[in-house]
Engineer: 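Supplied in C-alpha cells, the structure appears directly below.
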Amino acid sequence: MLDLRVLRDAPDTVRHSQAARGEDASLVDVVIAADEARRAAISAYEALRAEQKALGKQVASAQGDEKQALLARTKDLSNQVKQAEGSAREAEEALTVVQLQLSNVVEPGAPVGAEEDFAVLEHIGTPRDFAAEGFEPRDHVDLGKLLGAIDVERGAKVSGARFFYLTGPGALLELALINVAVQQAVAAGFTPMVTPVLVKPPAMEGTGFLGQAAENVFHLEQDDFYLVGTSEVSLAAYHSDEILDVADLPLRYAGISTCFRREAGTYGKDTRGIIRVHQFDKIEMFSFCHPDDAVAEHQRLLAWEKQFLDQLELPYRVIDVATGDLGSSAARKYDIEAWIPTQGKYREVTSASNCTDFQARRLGVRMRDGDRTTPVATLNGTLVAIPRIIVAILENHQQADGSVRVPAPLQATLGTDVITPR
RNA sequence: GGAGGCGUCGCCUAGUCCGGUCGAUGGCGCCCGCCUGCUAAGCGGGUUGGGGUUUUAUAGCCCCUCGAGGGUUCAAAUCCCUCCGCCUCCGCCA
C-alpha cells in the first residue's frame, strides 16, 4: 500500500512506476479522487458528530420542557449522524479497494521492461564442460533415481503431479542444507524462526499475495486459512500492528518453513523433476529495517545469498529483475540463477526483494523515531530453497559413473564426500 | 468437544452491577523541568494510537480509539448479540 501523501504530492512518480511495470497508470487518478471523496465524507460526518456530542452534553444536565426540546433535536441529529457515518465508511472502503490495486513504486535504477529485459549483474564460477570431460550429464531426475535420493513416481502416486519424496541421501541432503543455512544465518545475527504455514487472510493480504499472485495461493475454504508460499508471509506479519523501537532495527529473522504453491498457469512448464513443485522447504531471510537503510540492507541480503551458494561451489549469475517482472510489493529484486547443465541455462534459485514500506504500511509495522511513528521497510531474500538447490548440486557435481560429489560443508551430515548409485 | 473466568491508552490497575459530571483513575516505567558537590529522594509537568482540518511553520481545534464487529439509546468502557484471543478445570488426541 502506498502512502497517500506521496500520491497527492508526487503523482507523476507513481504514474511512471505503474507504466514501467506495465500496469495501469490512470489508477493513480482514481485513487486520488477516491481519497478526496473520503476526506470530504469524513469531514461531513465529524461536523455532525461534534454537534451531536455537544447537544448530548446539554441533555444530561437539562430538565423538564427544556430537556424534551433538546431530545427532539438530538433524535433527528442522531439519524443524520448514522447516515453520514455510513457514507464516510463507504468512501473509506472504496478508497482501500483502489489503493490496494497500486503496486509499489519501483526503485530508480531497476531495468525497465518485461521479464526478459533483466540486467545481468555478474557471473560467478564457470559451468563445467561435460563434452570435454567425455560424458553426457544426467538430469536430476535420473540422478535422483540412480542414487535413491528423489522419488517423483511415488510422489505423483500419493499426492499427484509436482509432489516428490526425498529419500535416503536426498533427505540427508535437505537436512545438511538446512543446517548449514541456519548456522550461517545465526552467525550473521539472524534469529531463527520456525513459523506457521497456515495464516489468516490479513497476513496474506498484507504481504501482497492476494493481488495478482492470488491464483498461486492455496486456500482452505472451510476454515478460511491460507497456506503460505513462503515464510516471508508469517515473518512479515509477525510484527503486524506493532510499533518497534528504532534502536532495535534492523530486526533480522531466518524463517524455516515448508512452502506451498498452486503453480496455476504453469501447465507444461517444468513438468519433469522437482524444479517446480507444490510443496517444498525453504530458509528465508527477512529484515525489518529503517527505510533509509533499505537499499544497503538489500545488498547485504544478496551478499548472504552469494556466500551460501559460493560454499556449495555452484556456478551462478546475479540478475537485476526487470520492472515488469517484480511482484506488486517489491521496489527492486535481485535473483540468483544457478547453472543447470542439462537445461543449458541459468535457473532461479534465490530471490531478494526490497519491499520498502509497502508491506509494512499494510501490516501496520511501524517504528517510533523520536516523536513520530512511521512504517518500517521490509526486505526478504531466499537463503536456500531446497529442491532447486538439490537439482543444482546433483547436476553440477555429478561424475561420469553417476555418483555425486558432496560439497565440503554438507559432508558431515551426509556422512560421506560422495553419494554413489545404489 | 463440555464448564467457568478474563481482555481498559508501554506494564499493572480503578471504573462495568445502577448508561450522561469517564472527554477514563491511580501506581510503575519513561521524558522534560526545579531542587541538588554528584546520584538518589523530593517537587511540578508530560507520556495510546489513527484520522480530519487550519497554518510558511510551531501550535491549535475536531473526530475515532476501553480485544473485534454489530445492536439498543438522544447518549455505551458500562446494557444486548456474534466473533477472536488468553487462563483454569474436565474429556479426547499427538
Side-chain angles (χ1 to χ4, degrees), chain A residues 1-10 31-100 194-206 219-226 233-234 237-249 251 258 288 291 357-376:
Chain A
M1 185 160 65
L2 296 180
D3 188 348
L4 289 170
R5 272 180 301 253
V6 170
L7 274 163
R8 279 178 228 153
D9 299 343
V31 175
I32 289 173
D35 178 41
E36 274 163 15
R38 161 186 151 266
R39 281 148 66 200
I42 286 175
S43 287
Y45 157 69
E46 287 185 353
L48 285 169
R49 177 63 179 155
E51 189 183 352
Q52 182 189 35
K53 287 179 70 171
L55 285 179
K57 207 173 157 190
Q58 293 177 39
V59 171
S61 54
Q63 300 288 328
D65 288 348
E66 190 191 354
K67 184 159 188 167
Q68 292 312 312
L70 280 169
L71 284 179
R73 282 177 61 194
T74 52
K75 202 152 196 160
D76 182 45
L77 195 54
S78 175
N79 287 324
Q80 292 181 44
V81 168
K82 277 200 176 94
Q83 275 196 354
E85 187 180 10
S87 304
R89 181 167 39 203
E90 281 170 25
E92 185 99 48
E93 285 168 358
L95 170 65
T96 304
V97 167
V98 288
Q99 197 182 359
L100 287 177
V194 176
T195 70
V197 294
L198 291 178
V199 299
K200 293 189 285 185
M204 202 50 94
E205 172 93 307
H219 181 224
L220 300 188
E221 194 77 36
Q222 193 173 355
D223 303 288
D224 203 15
F225 276 123
Y226 289 96
V233 175
S234 344
Y238 184 67
H239 286 302
S240 56
D241 296 320
E242 291 182 21
I243 299 175
L244 308 172
D245 189 335
V246 72
D248 294 336
L249 302 177
L251 285 170
T258 302
F288 296 91
D357 58 3
F358 188 83
Q359 288 180 329
R361 183 169 283 110
R362 288 184 175 196
L363 291 165
V365 188
R366 292 160 290 169
M367 59 180 185
R368 191 184 309 282
D369 189 7
D371 55 352
R372 309 184 327 138
T373 63
T374 53
V376 300

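We name chains A, B, ... by the order of the sequence lines, and we start the count at 1 in each one. Just so it is clear, the values below take in all heavy atoms, side chains as well, and ignore hydrogens, waters and symmetry mates. Treat the numbers as computed from the prediction; the structure is a model and nothing was measured.
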Engineer: Is it true that a side-chain atom of A:S78 and a backbone atom of A:T74 form a donor plus acceptor pair closer than 3.5 Å?
Structural biologist: no

Engineer: Do the charged groups of A:R8 and A:D35 touch, with an N to O distance under 4.0 Å?
Structural biologist: yes

Engineer: If you measure from the P atom in B:C35 to the same atom in B:G20, how many Å do you get, rounded?
Structural biologist: 45 Å

Engineer: Would you say A:R38 places a side-chain N or O within less than 4.0 Å of OP1 or OP2 belonging to B:G51?
Structural biologist: no

Engineer: Please report, rounded to the nearest Å, how far the P atom of B:C83 is from the CG atom of A:D224.
Structural biologist: 16 Å

Engineer: Listing time: all N or O pairs from protein to nucleotides 57-65 of chain B that are below 3.5 Å?
Structural biologist:
| from | atom 1 | to | atom 2 | distance (Å) |
| --- | --- | --- | --- | --- |
| B:C63 | O2 | A:E46 | OE2 | 3.4 |
| B:C64 | OP1 | A:R49 | NE | 2.2 |
| B:C64 | OP1 | A:R49 | NH2 | 2.8 |
| B:C64 | OP2 | A:K53 | NZ | 2.7 |

Engineer: So do A:M367 and A:I243 actually touch side chain to side chain, heavy atoms under 4.5 Å?
Structural biologist: no

Engineer: Mind checking the C1' distance from B:A59 to B:U72? Whole angstroms is fine.
Structural biologist: 41 Å

Engineer: Would you check if A:P375 and A:Q359 make a side-chain contact, meaning some heavy-atom pair closer than 4.5 Å?
Structural biologist: no

Engineer: Is there a side-chain contact between A:D3 and A:R361 (heavy atoms, below 4.5 Å)?
Structural biologist: yes

Engineer: Given atom CD of A:E93 and atom P of B:G51, what is their separation to the nearest angstrom?
Structural biologist: 17 Å

Engineer: Using the side-chain hydrogen bond (donor to acceptor under 3.5 Å, both in side chains) rule, pick out the option among A:E90, A:E93, A:Q99, A:E92 that qualifies with A:R38.
Structural biologist: A:E92

Engineer: With rounding to whole Å, what would you report as the distance between B:G15 and B:U21 at their C1' atoms?
Structural biologist: 14 Å

Engineer: Which value, in whole Å, describes the distance between the P atoms of nucleotides B:C34 and B:U25?
Structural biologist: 28 Å

Engineer: Between A:R368 and A:S43, who's closer to the 5' end of RNA chain B by nearest nucleotide?
Structural biologist: A:R368

Engineer: With rounding to the closest Å, how many angstrom separate the C1' atoms on B:U54 and B:U47?
Structural biologist: 26 Å

Engineer: Using a cut-off of under 3.5 Å, enumerate the N/O to N/O pairs linking the protein to nucleotides 72-74 of chain B.
Structural biologist:
| from | atom 1 | to | atom 2 | distance (Å) |
| --- | --- | --- | --- | --- |
| B:C74 | OP1 | A:K75 | NZ | 2.8 |
| B:C74 | O4' | A:T74 | OG1 | 3.4 |
| B:C74 | O3' | A:S78 | OG | 3.3 |

Engineer: A:H219 versus A:E221: any side-chain heavy-atom pair under 4.5 Å?
Structural biologist: yes

Engineer: Considering only heavy atoms from C-beta outward, does the side chain of A:D241 approach that of A:R366 to under 4.5 Å?
Structural biologist: no

Engineer: Taking pairing as Watson-Crick or G-U wobble with both contacts under 3.5 Å, can you name the mate of B:C66, or confirm there isn't one?
Structural biologist: none

Engineer: Which whole-number value in Å describes the distance from A:R366 CZ to B:G10 P?
Structural biologist: 12 Å

Engineer: Across all strands shown, which nucleotide pairs with B:C17 by Watson-Crick or G-U wobble geometry, both distances under 3.5 Å?
Structural biologist: none

Engineer: Does a side-chain N or O from A:T373 land closer than 4.0 Å to OP1 or OP2 of B:G49, or not?
Structural biologist: no

Engineer: If we call it a pair only when both distances are under 3.5 Å in a Watson-Crick or G-U wobble match, what pairs with B:U56?
Structural biologist: none

Engineer: How is A:I243 classified with respect to the nucleic acid when contacts are heavy atoms under 4.0 Å: base, sugar-phosphate, or nothing?
Structural biologist: sugar-phosphate

Engineer: P atom, B:G44 versus B:G52: distance in rounded Å?
Structural biologist: 38 Å

Engineer: Roughly how many Å is it from CD in A:E36 to P in B:G52, rounded to a whole number?
Structural biologist: 12 Å

Engineer: Give me the distance, rounded to whole Å, that separates B:U78 from B:G71 when you measure between the C1' atoms they each carry.
Structural biologist: 15 Å

Engineer: Quick one: A:D245 CG to B:C30 P, roughly how many Å, whole number?
Structural biologist: 14 Å

Engineer: Tell me the interatomic distance from A:D241, atom CG, to B:A68, atom C1', rounded to whole angstroms.
Structural biologist: 12 Å

Engineer: Rounded to whole Å, please give me the gap between CG in A:L4 and P in B:G50.
Structural biologist: 15 Å

Engineer: Check A:D224 with A:K200, please: is the shortest side-chain N to carboxylate O separation under 4.0 Å?
Structural biologist: no

Engineer: Side-chain contact test, heavy atoms from C-beta onward, threshold under 4.5 Å: evaluate it for A:L198 versus A:Y226 and give yes or no.
Structural biologist: no

Engineer: Between B:C12 and B:U8, how far is it from one P atom to the other, in whole Å?
Structural biologist: 7 Å

Engineer: In whole angstrom, what separates A:R361's CZ from B:G51's P?
Structural biologist: 10 Å

Engineer: If B:U25 has a Watson-Crick or G-U wobble mate with both distances under 3.5 Å, name it; if not, just say none.
Structural biologist: none

Engineer: Is there a Watson-Crick or G-U wobble partner for B:C6 with both distances under 3.5 Å, and which nucleotide is it?
Structural biologist: B:G85

Engineer: Is A:L48 close to A:E46 at the side-chain level, that is, under 4.5 Å between some pair of heavy atoms?
Structural biologist: no

